[in-house]
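In what follows, a single structure is set out as structure tokens and then discussed.
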Amino acid sequence: MKNKILAVIPARAGSKSVPNKNIREIAGKPLIAYSIEHALESNMINRVIVSTDSEQYADIAKYYGAEVPFLRPAEYATDTALDYDVFFHALTWMKEQENYEPDIVVQLRPTYPVRRVEDIDAMIKMLLDHPEADSVRSMAKAAEIPYKMWCLAEQESVKKQTDDNTGCGEQKTKVQGQRILPLMTDIPECYNMPRQQLPQVYYQNACIDVFRPRVVLEQHSMSGDYILGYEMSENYDIDTEEDMEKAIQAMKGE
């Protein structure tokens, strides 16, 4: 039986850093159109929906080929709403209203106009090939490494060390002359070691997330406990005007 693979593109109307960025025109199309097209071009995704709180966004999404089976409730479309809230609502609504339960869910953020469809399919296949895994996350090598990073600490909390490989106590805004604590403590005095001797670290680049529905519905998480990594070389997530220009240049091949 063919796997039911659902792509969800979350696109709320509010954005403060780049106003209306999800429908901002870039290279002749609204930004959200690119993620819809990526999902539709996938060889493995067989349903594409947009979760939005806006009728205008919904009309644009439908024009470019996505389904908009519901409008997202306002409480899940605030600045502080979590991805988990958005996906719990979407998956619960589709199960209750349509009796639809996907085998795999793919999150494609609408702020990523430059994305390889081959990467989407490879990540879906990776999760299907590893039944023990909860999710797959796209990532890229970090230019700056946490082993040489520091936190400001309140004097009264300097002696308080945590158990999660960090030495940061309470933090304050920039204060000159205040004592600092290393962010990482799993390697003694790692901040004094050559970079070449320190582990390579990666950051999640927000391009593609692939996960099993149970992660959201049962584990109340967006990633679960067993997470696989999929390495990429670029990051084109748009959060500022500078990011927008970078993406435009990449789309022009410059």
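Keep in mind that what you see is a predicted model, and the values were worked out from it rather than measured.
When side chains are defined from C-beta on, Pro102 counts as touching Leu91, because their heavy atoms get closer than 4.5 Å. No side-chain heavy atom of Gln107 sits less than 4.5 Å from a side-chain heavy atom of Ile208. In this structure the side chain of Asp134 never reaches within 4.5 angstrom of the side chain of Ser221, judged on heavy atoms. Side chains of Gln219 and Arg212 form no contact here, defined as non-hydrogen atoms less than 4.5 Å apart. Contact annotation: the side chain of Tyr230 never approaches that of Val210 to less than 4.5 Å [non-hydrogen atoms, C-beta and beyond]. Side-chain contact between Tyr57 and Asn20 is present, with at least one heavy-atom pair separated by less than 4.5 Å. Between Glu241 and Arg24 there is a side-chain heavy-atom pair separated by less than 4.5 Å. Under the 4.5 Å side-chain criterion, counting only non-hydrogen atoms from C-beta, Glu234 is not in contact with Cys207.
Under the 4.5 Å side-chain heavy-atom criterion for grouping Ile, Leu, Val, Met, Phe, Trp and Tyr, Leu228 is not connected to Val216 through any hydrophobic cluster. Note on Val136 and Ile9: same hydrophobic cluster, where clusters join Ile, Leu, Val, Met, Phe, Trp and Tyr whose side-chain heavy atoms are under 4.5 Å apart, directly or indirectly. Clustering ILVMFWY residues whenever any of their side-chain heavy atoms sit less than 4.5 angstrom apart, transitively, puts Leu71 in a cluster other than the one holding Tyr76. Residue Ile45 is grouped with residue Ile36 when hydrophobic side chains (ILVMFWY) are merged at heavy-atom distances under 4.5 angstrom, including chains of intermediate members. Clustering ILVMFWY residues whenever any of their side-chain heavy atoms sit less than 4.5 angstrom apart, transitively, puts Tyr191 in the very cluster that holds Leu152.
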Do Met149 and Met184 pass the side-chain contact (heavy atoms from CB on, under 4.5 Å) test, and can you show the C-alpha distance, the side-chain angles, and the key distance before you say yes or no? CA-CA 8 Å; Met149 293 182 181; Met184 305 298 294; over 6 Å; no

The test is side-chain contact (heavy atoms from CB on, under 4.5 Å); show your working for Glu189 and Met193 and say whether it passes. CA-CA 7 Å; Glu189 293 207 16; Met193 295 173 61; 5.9 Å; no

side-chain contact (heavy atoms from CB on, under 4.5 Å) between Ile104 and Asn3, worked out: CA-CA 8 Å; Ile104 300 289; Asn3 289 296; 5.6 Å; no

side-chain contact (heavy atoms from CB on, under 4.5 Å) evaluation trace for Met44 with Ile120: CA-CA 9 Å; Met44 304 193 75; Ile120 299 174; over 6 Å; no

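Applying the ring-ring contact (aromatic ring centres under 6.0 Å, His included) test to residues at least two apart or on different chains, none of the pairs has a partner in residues 98-148.
Between the His89 side chain and the Asp85 main chain, no donor and acceptor come within less than 3.5 Å of each other. A donor-acceptor pair under 3.5 Å is formed between the side chain of Asn235 and the backbone N or O of Asp237. A donor-acceptor pair under 3.5 Å is absent between the side-chain atoms of Arg72 and the main chain of Ala77, judged by distance alone. Within the 3.5 Å criterion, the main-chain N or O of Arg12 finds a donor-acceptor partner in the side chain of Asn22.
Between His220 and Tyr84, the two ring planes are perpendicular [angle over 60°; tilted spans 30° to 60°].
Interatomic distance, CG of Asp121 versus OG of Ser42, reported as 3.5 Å (0.5 Å rounding). Here the straight-line distance linking atom OH of Tyr34 with atom CD1 of Ile238 works out to 9.5 Å at 0.5 Å rounding. In this structure, the separation between CG on Leu31 and CD1 on Ile23 is 10.0 Å, given to the nearest 0.5 Å. The CE atom of Met232 lies 13.5 Å from the OH atom of Tyr202; values are rounded to the nearest 0.5 Å. Between atom CD of residue Gln204 and atom CZ of residue Arg137 there is a gap of 4.5 Å, rounded to the nearest 0.5 Å. A distance of 13.0 Å separates CE in Met222 from CZ in Phe88, rounded to the nearest 0.5 Å.
Across every non-hydrogen atom of Ser35 and Pro110, the tightest pair is OG-CA, 3.5 Å. Minimum interatomic distance between Ile26 and Ala247 (heavy atoms only, all atoms of both residues): CD1-CB, 4.2 Å. Between Glu98 and Pro69 the shortest heavy-atom distance is OE2-CB, 3.8 Å. The two residues Leu127 and Ser135 come nearest to each other via the heavy atoms CD1-N, 3.8 Å. The minimum heavy-atom distance between Thr52 and Ala58, with the atom names listed, is CG2-N, 3.9 Å. Closest heavy-atom contact between Gly224 and Val215: N-CG1, 3.3 Å.
The environment of Glu41 atom CD is dense: over 12 non-hydrogen atoms of other residues, nucleotides or ligands sit within 6.0 angstrom. Sparse packing is recorded around OH of Tyr63, with 12 or fewer heavy atoms of other residues, nucleotides or ligands lying under 6.0 Å away. Counting heavy atoms of neighbouring residues, nucleotides and ligands inside a 6.0 Å radius, atom CG of Asn99 does not exceed 12 of them.
Using modelled atom types, one finds no donor on one side chain facing an acceptor on the other under 3.5 Å when comparing Ser54 with Gln56.
The side-chain contact (heavy atoms from CB on, under 4.5 Å) test with Val48 singles out one residue from Leu40, Leu6, Val8, and that residue is Leu40.
Taking 4.0 Å as the cut-off between side-chain N and carboxylate O, Lys4 and Asp103 do not count as a salt-bridged pair. Using a cut-off of 4.0 Å between Lys/Arg side-chain N and Asp/Glu carboxylate O, Asp83 and Arg109 are scored as salt-bridged.
Applying the side chain to side chain donor-acceptor pair (under 3.5 Å) rule to Thr80 yields the partners Thr78; only residues at least two apart in sequence or on another chain are considered.
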